[in-house]
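I have placed the structure first, in the form of structure tokens, so that the comments after it can refer back to it.
As a basis for the values below, the full set of heavy atoms in this structure was taken, side chains included, without hydrogen atoms, waters or symmetry mates. Everything numeric in this text was worked out from a predicted model, so none of it was measured. Both ligands and their constituent atoms are indexed starting at 1 by order of listing.
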Amino acid sequence: MKSRTLSVKAGIESDQQFGAVIPPIYLSSNYTFEDLGKPRCHDYTRSGNPTRDLLGKALGELEGGKDAVVTSSGMGAVTLLCHLLCPGDLLFAPHDCYGGTHRLFTHLSKKGNFKVLFEDQTKNNILKKIQSKRPKILWIETPSNPLLRIVDIEELSKAAHCVGTIVVVDNTFLSPILQKPLELGADLVLHSTTKFINGHSDVVGGAVIGKDQELVNQIFWWANCLGLTGSPFDSFLTLRGVRTLAPRISEHQKNTCEIINFLKTHPLVKKIHYPGLSNHPGYEVAKKQQKGFGSLLSIEVFGGLKKVREFLSKLRLFSLAESLGGVESLIAHPETMTHAGMEEKARREAGITEGLLRISVGIEDPCDLIEDLKQALDCALESPQPLESLEQCEVFNQI
Ligand code: PLP
């Protein structure tokens with residue numbers, strides 16, 4: 001089945017008792033034993049729950065994996081994977097990964113739980129580095145947050161496997177509709193399901209999906225042990241969100257293209273970071289490994305923080321908020337919001353500046369979104385300057 005069908009059909013007609021089309025929600029925290037020493041499928045919701053199992057099955061199928069461990073947040077999923085590491089093991093991560101991930105890795109490594117190395121994974125010497133450093137885990141985030149840098153999952157995975165490294169890909173920015181890291185060679189895929197997978201900004205959740213049952217079992221064990229599994233109600237809502245994932249993503253992408261074609265004509269916009277622009281360094285790799293360029297972009301405006309403030313204060317439709325991937329359009333200032341938890345030096349090394357804004361394009365009418373951006377940019381504009389480049393953004397949608 002195609003991803004679009006898989007996501008709509010997930011759990012449909014699975015109810016044996018009443019034949020409900022949509023699977024019921026099981027909120028019960030515990031389950032009776034048939035007899036002493038004879039538990040049923042489930043005994044306690046922290047370790048297993050029918051509603052959460054359905055979401056896990058759906059995510060596992062969508063990513064082409066064996067199974068999925070559903071967690072209470074994306075960071076819960078990151079925390080789980082940190083438990084695969086022992087003191088002395090090396091975690092090799094991108095220097096511009098999500099700020100919360102960066103903060104967790106930094107602080108756990110300071111406590112001696114493992115060693116961490118942050119690098120720009122788009123650099124030419126990256127394959128050699130993986131092979132010489134022999135990390136236990138190679139962490140990939142492509143496109144990266146917030147600068148949308150792209151790395152070649154297949155190439156990096158091959159190099160990593162030569163030295164026995166486990167490859168983890170944070171696929172939050174694209175979802176399995178646009179990118180399937182396990183098919184490209186990764187061992188584990190991680191999601192903040194808070195984002196596109198749920199898609200309605202009303203659940204915080206996460207998941208880890210793997211192809212090797214033994215590795216997945218280890219992660220299940222840690223999830224139960226640490227108490228990081230997702231709640232039944234959140235799982236129910238997230239599964240509802242999954243059903244519309246493919247059409248939502250199509251709409252998100254269409255709007256993004258229109259918005260970019262407007263933004264590149266506006267004199268306050270200094271730079272646009274979007275892998276769908278042919279001058280983006282990751283354009284070719286993104287075209288090869290993705291089924292669309294997604295709906296996240298970041299822009300730099302002339303005039304730094306002052307102009308950022310003026311522009312943001314005039315926006316009416318875009319909400320100034322963290323998170324991404326919901327049906328509503330959002331804008332965030334990574335320097336003071338999503339990436340504030342990183343040390344300033346690390347932010348600068350990652351290319352995060354005061355004038356950088358990350359946009360998560362929603363599925364509203366694109367004319368309204370463009371009008372909103374235009375009036376806010378116009379208000380902040382004083383001395384127009386030319387754009388760096390003027391290439392056309394075209395819709396790429398192979399969903
Ligand atoms: N990974 C990425 C790429 C993210 O953007 C986020 C949150 O923004 C996370 C992980 C963490 O997810 P959560 O906020 O659900 O804990």
Side-chain angles (χ1 to χ4, degrees), residues 55 59 63 68-82 91 93-108 118 121 137 139-151 153 168-176 178-179 181 186 188-209 223 226-231 234-235 237-238 241-242 252 273 275 290 294-298 319-326 328 330-342 347 350 352 356-361:
L55 173 62
L59 297 178
E63 285 287 4
V69 182
V70 174
T71 56
S72 53
S73 69
M75 285 315 299
V78 180
T79 304
L80 277 187
L81 297 187
C82 290
L91 168 64
H95 71 325
D96 60 345
C97 57
Y98 166 60
T101 305
H102 197 287
R103 177 176 54 193
L104 182 66
F105 290 167
T106 304
H107 287 272
L108 287 181
F118 293 108
Q121 294 180 344
I137 290 183
W139 196 273
I140 295 175
E141 204 182 294
T142 179
S144 70
N145 181 2
L147 280 151
L148 291 304
R149 293 190 178 99
I150 303 287
V151 296
I153 298 174
V168 177
V169 176
D170 185 332
N171 203 23
T172 299
F173 265 37
L174 292 177
S175 91
L178 294 181
Q179 180 169 269
L188 295 168
V189 173
L190 178 138
H191 278 284
S192 164
T193 56
T194 314
K195 313 296 177 343
F196 289 99
I197 289 189
N198 176 59
H200 294 76
S201 303
D202 48 12
V203 172
V204 172
V208 180
I209 303 110
L226 292 164
L228 288 176
T229 47
S231 84
D234 288 351
S235 302
L237 285 179
T238 305
V242 166
H252 281 294
H273 301 271
Q290 301 175 198
S295 51
L296 265 301
L297 67 136
S298 54
S319 303
L320 176 63
E322 294 186 356
S323 202
L324 55 103
E328 74 292 353
L330 300 174
I331 193 154
H333 184 234
E335 170 84 359
T336 56
M337 296 166 69
T338 49
H339 290 66
M342 279 166 77
R347 270 202 305 273
I352 298 165
L356 186 77
L357 289 162
R358 188 188 73 191
I359 301 176
S360 173
V361 179

**Request:** Walk me through it: do Thr193 and Val203 pass the test side-chain contact (heavy atoms from CB on, under 4.5 Å)?
**Result:** CA-CA 8 Å; Thr193 56; Val203 172; 5.5 Å; no
**Request:** Report yes if some heavy atom in the side chain of His191 is under 4.5 Å from a heavy atom in the side chain of Val208; otherwise report no.
**Result:** no
**Item:** Heavy-atom side-chain contact between Ser235 and Val70 under 4.5 Å
**Value:** yes
**Fill in**
Residues Asn198 and Leu237: closest non-hydrogen pair is OD1-O, 3.4 Å
Give every pair made of an N or O atom of ligand 1 and a protein N or O atom lying under 3.5 Å apart, one pair per line with both atom names and the distance to 0.1 Å, or write 'none'.
| residue | atom | partner | partner atom | Å |
| --- | --- | --- | --- | --- |
| ligand 1 | 1 (N) | Asp170 | OD2 | 2.7 |
| ligand 1 | 5 (O) | Asn145 | ND2 | 3.2 |
| ligand 1 | 8 (O) | Lys195 | NZ | 2.7 |
| ligand 1 | 12 (O) | Ser192 | OG | 3.1 |
| ligand 1 | 15 (O) | Gly74 | N | 2.9 |
| ligand 1 | 15 (O) | Ser192 | OG | 2.8 |
| ligand 1 | 15 (O) | Thr194 | OG1 | 2.7 |
| ligand 1 | 16 (O) | Gly74 | N | 3.1 |
| ligand 1 | 16 (O) | Met75 | N | 2.8 |

**Item:** Counterpart residues, ring pair (Phe, Tyr, Trp, His ring centres under 6.0 Å), relative to Tyr98 (two or more places apart)
**Value:** none
**Asked** Would Glu328 and Ser319 count as having a side-chain donor-acceptor pair, cut-off 3.5 Å?
**Response** no
